[in-house]
Amino acid sequence: MPVRIRITLLFSLLVMFILGLVCGSVYLFSYTSRLANIQRKLHNRAISVGGLLSQSEVFSNELIQRIESYTSISFSNRVIQAYDADHRQIYRHSSIPTDSISIGPAIFEEALKKGDVFFKSGNKEAVAHFYKHENHRLFVVVAGEDEEGIQTLRKLFNILTLSFLGGVVTALLGGFFFSKSLLKPIKKIADDANEISTHNLSTRIHTGVVKDEWQYLSNTLNSLLDRLQEGFDLQRRFIGNASHELSTPLTSISSQLEVALQRERAAGEYRAVMKSIHQDVLHMIKLTQTLLEFAKASGTPGGLDISLVRIDEVLLRLPAEIAKANNGHSISFEFDELPPEEDKLLVYGNEELLFTAIRNIVTNACKYSEDHHAAVRLVIEASQILISITDKGAGIPESEFENIFQPFYRVHESRSKEGFGLGLSLAYRIIKLHNGDIAVSSKVSEGTVFTISVPAAGSL
Ligand code: ADP
């Protein structure tokens, strides 16, 4: 069922309930007051008739009938009957001569017990009253039609029914138009969102001027679009940079081959060309491997092989790896007192990716320092494991701290060293994937400290 209809129905049901409650209460109150009123009148009349009848020495039946007929009439078609203690009728008076009320023994009995018994006889309201005064014992029955009261009640019923129906119809119509205006912004937001595709990702949803939930929704969608656009831009730049990095050695290979093929050459010349091409191919292999690692680290942890990894064992793999990549590079360890419990050294993660992240930072420390040496320190804390990599190299200006973690970014002074500008951004992504962080502190000409922090498996 469309939301618009649902809102209309809910609103109408609520109005119907409130109106029903109000109209019902008003009617019930009027009904009970009318009944109480007529019963009070019947009771009073029964007492006055009883009073007159008990003075039979003063008032004869004819006189009482005359008095009765002069008494102001508050209910019509009156019938008054009186009985002695043995239930024999001793008095009767009615507006219509043939009218009478038949009284059964049960009513006499109840009247004797309670004093008053109210009952209905046809359209008439009636009371059977037990009158007791000095040595007089009488049963007085007074009955009459409360035409005025019934008519007023009927009118009230009609007015209340009309008000109820009018209220419900107004609620239905009002609810329909109200929900239309309420949901109008949703349609506008949906229309705006439909217009947006990858080609015009910079377009935004109109937020309107009124500060309401729709504006909040539009703002939320707009910030989602901001993040998407940022992601797309980043990806576009990444692809551009990666293609550029790949096309450079390819162009170099192509031109070297072109020159070599222009004429017949000596074997030594061919060998030199092939050696150079081999260098370019190795460079490309390294780049594509890094790009593959990047793609792996850009996913979600769900797609990775996650296991418990002993961080000290990962670190101990470094020296061999660093020396294999470059003979002149070296590494020293400083492990603070390691805890005897093995589980304090464990982190949840992908061992190969963690190794790649740490290796990249250690390689940088060796690459960008004169002594080509990196000092690695391991600190075990209650909830996290800290690995700091220190070098005594050229350092990084503070203004570059943010940039160095961007893919393909290289500080100008470092361009002479081999690299793609991917090592740190890859390490950053990997550590973030493991819910950790990388902090950098550096002093130009003094050295740099990178600190990796990852949550300890025991704290998760
Ligand atoms: P690459 O080393 O391939 O250039 P990275 O992403 O690993 O790329 O590093 C980005 C930049 O950060 C480097 O170009 C370098 O300028 C700077 N950098 C990283 N580590 C260090 C370091 N230990 N000392 C000085 N500069 C560094």
Side-chain angles (χ1 to χ4, degrees), residues 230-231 234-235 237-239 241-242 245 285-322 324-325 329 331 345-368 374 376-381 383-391 396 400-410 419-442 448-457 459-460:
E230 208 177 302
L234 213 75
Q235 207 169 14
R237 248 178 291 139
F238 187 86
I239 293 170
N241 282 328
E245 287 294 327
I285 290 172
K286 214 166 166 191
L287 179 60
T288 44
Q289 270 168 357
T290 316
L291 287 175
L292 277 175
E293 280 174 341
F294 217 94
K296 213 172 164 192
S298 300
T300 54
L304 297 174
D305 272 347
I306 302 286
S307 58
L308 281 170
V309 181
R310 255 189 84 143
I311 206 74
D312 55 335
E313 284 176 4
V314 175
L315 294 181
L316 291 172
R317 281 172 59 194
L318 284 167
E321 178 77 12
I322 295 291
K324 195 170 82 186
H329 291 180
I331 179 169
L345 293 161
L346 295 174
V347 291
Y348 264 117
N350 180 287
E351 182 168 351
E352 278 321 299
L353 285 182
L354 279 171
F355 178 71
T356 305
I358 303 167
R359 184 204 59 205
N360 284 358
I361 295 176
V362 171
T363 307
N364 278 351
C366 296
K367 191 162 72 174
Y368 296 112
V376 177
R377 185 163 174 240
L378 177 64
V379 179
I380 308 294
E381 289 186 351
S383 61
Q384 59 177 357
I385 294 175
L386 303 173
I387 305 145
S388 59
I389 297 118
T390 310
D391 68 66
I396 308 164
E400 299 281 10
F401 282 4
E402 241 180 77
N403 299 332
I404 54 174
F405 292 103
Q406 298 299 327
F408 295 103
Y409 188 85
R410 308 196 72 201
F420 305 115
L422 286 173
L424 273 185
S425 55
L426 177 58
Y428 186 76
R429 276 183 193 219
I430 292 173
I431 297 303
K432 280 283 163 196
L433 213 59
H434 287 78
N435 295 321
D437 205 1
I438 303 183
V440 56
S441 76
S442 181
T448 307
V449 184
F450 280 93
T451 307
I452 299 173
S453 56
V454 275
S459 72
L460 296 173

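Atom set for the values below is all heavy atoms of this structure, side chains included, hydrogens, waters and symmetry mates excluded.
In plain terms, the two heavy atoms of T451 and S388 that are nearest each other are OG1-CB, 3.8 Å.
By the 4.0 Å N-to-carboxylate-O rule, K324 lies close enough to E321 to be salt-bridged with it. Of the charged side-chain nitrogens involved, at least one lies within less than 4.0 Å of a carboxylate oxygen, so that R317 and E352 count as a salt-bridged pair.
Remark: the backbone N or O of N350 is paired with a side-chain donor or acceptor of H434 at under 3.5 angstrom. With D391 contributing its side chain and C366 its backbone, the two residues share no donor-acceptor pair below 3.5 Å.
Between L354 and I431 there is a side-chain heavy-atom pair separated by less than 4.5 Å. Side-chain contact between F450 and I387 is absent, with no heavy atoms from C-beta onward closer than 4.5 Å. Two residues are said to be in side-chain contact when any heavy atoms from C-beta on lie closer than 4.5 Å; V314 and V347 fail this criterion.
The 12-atom threshold is not exceeded at OH of Y348, counting heavy atoms of other residues, nucleotides or ligands nearer than 6.0 Å. Under a cut-off of 6.0 angstrom, the local environment of OH in Y428 is sparse, with at most 12 non-hydrogen atoms contributed by other residues, nucleotides or ligands. Atom CD of E230 has 12 or fewer neighbouring heavy atoms from other residues, nucleotides or ligands inside a 6.0 Å radius.
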* **Step-by-step side-chain contact (heavy atoms from CB on, under 4.5 Å) determination, I389 to N364** => CA-CA 10 Å; I389 297 118; N364 278 351; over 6 Å; no
